[in-house]
Protein chains: 2
Amino acid sequence: MTTLSSPPAATAESLRARPTMRDVAALAGVSLKTVSRVVNREDGVSEDLAAKVERAAAQLDYRPNLTASNLRRSDRKTATWGLLLEDVANPFSSAVHRGVEEVARELGVAVFAASMDEDPERERELVATFSSRRVDALIIAPTATEHAYLANEVRNGIAVVFVDRPPFGIDADCVVTDNRAGAAAGTSHLVECGHRRIAFVGDFASISTANERYQGYVDSMAAHGVQVHAELVLRDVHDATQAVEAVRSLLALPEPPTAIFAAQNLITMGAVEALRDAGAQHRVALVGFDDFAMANLLDPAVTVVAQDPRAIGRLAATLVNERLSSSSAPVSVHVVPSVLIPRGSGEIAPRN
Amino acid sequence: MTTLSSPPAATAESLRARPTMRDVAALAGVSLKTVSRVVNREDGVSEDLAAKVERAAAQLDYRPNLTASNLRRSDRKTATWGLLLEDVANPFSSAVHRGVEEVARELGVAVFAASMDEDPERERELVATFSSRRVDALIIAPTATEHAYLANEVRNGIAVVFVDRPPFGIDADCVVTDNRAGAAAGTSHLVECGHRRIAFVGDFASISTANERYQGYVDSMAAHGVQVHAELVLRDVHDATQAVEAVRSLLALPEPPTAIFAAQNLITMGAVEALRDAGAQHRVALVGFDDFAMANLLDPAVTVVAQDPRAIGRLAATLVNERLSSSSAPVSVHVVPSVLIPRGSGEIAPRN
DNA sequence: CGAATGTGTGACAACGTTGTCAGGCATTTC
DNA sequence: GAAATGCCTGACAACGTTGTCACACATTCG
């Protein structure tokens, strides 16, 4: 790594104290309160005084101090939300983030985003931190399995909305994908193509969505009267590397599956890799839960049950806003539908 | 979308005023200041008093009010940074975000992230907003082409670090990829495979990194004595859809290129799609700038010049921290190296 | 013409916290 | 035994802003 240097931009002595309303008032020759009125666009200030204040503010490059304002204001709203995600860099999380941001922007709300990396303790730490920073709301894609600890925050007036996974031990608004129905749809798609030996590869059983998807798989198999073979069900598979291993082991079975339902996008990617390594990508059918970039450009293109994380984010943000304006509305669970996108890998028929 | 409702979680009357230090002090039977000392872990408080305070704080579920603390404290640090990205959901941006977050987390800093969507006005708005919220630092992946407007913020003591693209009109720390050298390396790779008709497909000429990459392409062609054909250079291509069109038009030329250098990841993805649609993916070589998910699983796997956005984010955050602790250090430009990853698409030899 | 009304402005206190300083008490020193 | 020292603790003001209230002045009304 190369580093080029030049003289410092701002020496210590060029740092000045930040101008306050008091400074603007002094320059404009008016009282503090009048400046406050002008800055907040309250009416009842004569035009010429307002103009004088505007000029003074511009001259000093005055920036209102929102932290001081928040402290004093009676509505006690900071126009700040905390967003707790699994990982800001993960495509699902960052799409949720984007959706939240779009709504927040219109409302003049700033969003703190943070990654929890599946660590329940970190979730609690972040909630405490954001609470100390007096966020108005928390949007949480939960990692913890017990959320009673949030009761205090809710009682303190923080709006809490869950996304992706439902909360446990607390009654709060929640936005989730129809995991069970979606997984059932994906599985049924494989059954309808003629498959009977359909493997399920899913995430930790401790993750509620992973369970829902597993239930959907079981539902569908039962509904079609197809047997679930225990050796074809692999759970607790969390990342792409583990998924590669898992699928490899499935293919090595005496009676390998003719189709695979991958219950999470990293698992789907791992499955693609493993199938390809085995040269089985055109022989074994694959349906994944959750869409991912380039799925349509792979060979074969990958059939998925797609979620709409951006819509989830937008809806969650809207719920937060409603909760903040009328906290007495009933708590609700919103289910965002998933969509099966056939692209090729899920339409491979079994060979007999 | 389905919505299930149940009775409200918290009625208006169950909302209580948030406990303050005063409440804790009253319950513990000590003064306000003693509570402050215990909360901030200052020493000089006897053990039994400290224990009493801890108990009272726990009983009331007291959360220190960081906004009030920030206002009063003399160092005037909010432990808050603003991160301005092109789009929080874009893989490059979100990886930078992740890198910044990792460093910020260790420092106890909370990060506001926001998307600018290539809108310079939005950049200025966000800077003003974050300045009002008294962030200690701004990390900017700039959209604007003129940053003199930031001089006031710097003078006010906000640390400013640029990532991905350098600033104009202001002297500030900056972390960039070696775009020019990286693009030259990618182009040279194609020349060394025997290609002479090498197309360049790049982003808006107004984007500095796009220009750097174009310069790298030109550098390499000149260095090898290979002619740049004007009809093979397509700039102002910004997204995947436009890239599909662009590559389609290149392939339709009387003398089409035998290789393509795609100067941005969305362009690379578009190129993959267009080549595939034309059945040319194994005939026309492709090297892309910037890695993307699944590039290794495509057919052929895509050769790229990879950036390391997470490292860029980490480095930027580290620079911010250094700048905040010693603002007199010289301003520096840090160049993070890119790496050519040969995967197949860039190693296709030309047919004569 | 005096009273009632309305309009614009500013003085002051308060939000929840921390920096400063002074005072109480126990211990040490001469 | 009085003075000096150290350790804890708390009273008070201040950070930058906004809510409340009162006052000065102009206007309208009986």
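Residue numbering restarts at 1 for every chain, and letters A, B, ... go by the order of the sequence lines.
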>> Categorize A:Leu32 for me: base, sugar-phosphate, or nothing, with a 4.0 angstrom heavy-atom threshold over every strand shown.
In response: base
> Can you name the side chain to side chain donor-acceptor pair (under 3.5 Å) partners of B:Glu86, sequence neighbours left out?
Replying inline: none
> First contact, last contact: which nucleotides of DNA chain D are these for chain B, 5' to 3', heavy-atom distance under 4.0 Å?
Replying inline: D:dC8 to D:dG16
> Heavy-atom contacts under 4.0 Å between residues 34-47 of chain B and DNA chain D, which residues?
Replying inline: B:Thr34, B:Arg37, B:Gly44, B:Val45, B:Ser46
> For B:Glu118, what residues pass the side chain to side chain donor-acceptor pair (under 3.5 Å) criterion, not counting sequence neighbours?
Replying inline: B:Arg165
>> Using the ring pair (Phe, Tyr, Trp, His ring centres under 6.0 Å) criterion, which residues pair with B:Phe112? Sequence neighbours excluded.
In response: A:Phe112, B:Phe130
>> Whether the A:Ser93 and A:Asp87 side chains hold a donor-acceptor pair (N or O, under 3.5 Å, no angle test) is what I'd like checked.
In response: no
> With B:Asp173, which residues qualify under salt bridge (Lys or Arg N to Asp or Glu O under 4.0 Å), at least two apart?
Replying inline: B:Arg323
>> Which residues pass the salt bridge (Lys or Arg N to Asp or Glu O under 4.0 Å) test with B:Glu125, not counting sequence neighbours?
In response: B:Arg122
> Got a sec, which residues hit salt bridge (Lys or Arg N to Asp or Glu O under 4.0 Å) with B:Asp48, two or more places apart in sequence or on another chain?
Replying inline: none
> In terms of the nearest nucleotide of DNA chain D, which residue is placed more toward the 5' end: B:Ala68 or B:Lys33?
Replying inline: B:Lys33
>> Using the side chain to side chain donor-acceptor pair (under 3.5 Å) criterion, which residues pair with B:Arg310? Sequence neighbours excluded.
In response: B:Glu102
>> I'd like to check the side chain to side chain donor-acceptor pair (under 3.5 Å) partners of B:Ser94; sequence neighbours left out, ordered by chain and number.
In response: none
> Who are the ring pair (Phe, Tyr, Trp, His ring centres under 6.0 Å) partners of A:Phe92, not counting sequence neighbours?
Replying inline: none
> What does the inter-axis angle of the helix from C:dC1-D:dG30 to C:dC30-D:dG1 come out as, five pairs per end, nearest 10 degrees?
Replying inline: 60°
